[in-house]
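One structure below.
Sequence positions, counted from 1, serve as the residue numbers for this chain.
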Amino acid sequence: MWRSLFRERRYGVVRDGAEFVRTFGSLGDGDRNFDSPGGVCVDGNNHIVVADTKNYRIVVVSRSDGSFVRTFGSQGAAHGQFDEPRDVCVNARGLIIVADSLNHRVQMFTRDGTFVRAFGSEGAAHGQF
């Protein structure tokens, strides 16, 4: 199980809910840094995908040792940009799905971070967030 050590700006690994294994990342904006890490998931390539909320990006690291694999995204409202990405998941096709909270949308990307599509807008109607 992975859990965010939110106040410490890093992630920790806990086995069977009790045994602490390791942490990875620290506060900052470099390749192995986080600022307010949010959602986390594991993709089909055994990579950990993290929504790095206050760095406005998605960070991908190796599940085996926490080493940096890639990052994508930047602050903004264009396709492939984020305004506080809060959560992330990977679907059965391997697409990375990101809840782009302050842009009021969901964005989808390939495993390498290439933009695929976005949907949603601000509001309370169907399809709005």
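Contact detail for Asp100 and Gln81: the closest heavy-atom pair is OD2-O, 3.3 Å.
To the nearest 0.5 angstrom, Arg111 atom CZ is 4.5 Å from Asn45 atom CG. With rounding to the nearest 0.5 angstrom, the CD atom of Glu122 is 12.5 Å from the CZ atom of Arg105. Here the straight-line distance linking atom CZ of Arg117 with atom CD1 of Ile97 works out to 9.5 Å at 0.5 Å rounding. The CG atom of Leu27 sits 8.5 Å away from the OG atom of Ser36 when rounded to the nearest 0.5 Å. Rounding to the nearest 0.5 Å gives a distance of 7.0 Å between CD1 of Ile96 and SG of Cys41. One distance of note links CG of Asn103 with NE2 of His79; it measures 11.0 Å at 0.5 Å rounding.
There is no path of hydrophobic side-chain contacts, each under 4.5 Å, that joins Val69 to Val59. Residue Phe109 is not grouped with residue Val106 when hydrophobic side chains (ILVMFWY) are merged at heavy-atom distances under 4.5 angstrom, including chains of intermediate members.
Note: Phe72 and Phe82 have tilted aromatic rings, judged against thresholds of 30 and 60 degrees for the angle between ring planes.
Put simply, the side chain of Thr53 gets close to the backbone of Pro85: a donor and an acceptor are under 3.5 Å apart. Side-chain atoms of Asn91 come within 3.5 Å of backbone N or O of Arg93 as a donor-acceptor pair. Looking only at distances, no side-chain donor or acceptor of Asp83 sits under 3.5 Å from a matching main-chain atom of Gln75.
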**OP:** Run the numbers on Val116 and Thr110 for side-chain contact (heavy atoms from CB on, under 4.5 Å), then give the verdict.
**Re:** CA-CA 7 Å; Val116 174; Thr110 62; 3.8 Å; yes
Subject >> Step-by-step side-chain contact (heavy atoms from CB on, under 4.5 Å) determination, Val98 to Ile58 >> reply: CA-CA 8 Å; Val98 180; Ile58 301 303; 3.8 Å; yes
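In this structure, Asp35 and Asp29 have side chains that are not in contact, with every pair of non-hydrogen atoms separated by 4.5 Å or more. Using a 4.5 Å heavy-atom threshold, the side chains of His104 and Ser121 count as separate. A 4.5 Å side-chain heavy-atom check between Met108 and Phe115 finds every atom pair outside the cut-off. Residues Ile48 and Val40 meet the side-chain proximity criterion, which asks for heavy atoms closer than 4.5 Å.
Between Tyr56 and Phe34, the distance separating the two ring centers is not shorter than 6.0 angstrom.
Evaluation of the side chain to side chain contact (heavy atoms under 4.5 Å, CB included) rule for Asp31 yields Phe68 as partners, not counting sequence neighbours. With sequence neighbours left out, Arg86 forms a salt bridge (Lys or Arg N to Asp or Glu O under 4.0 Å) with Glu84.
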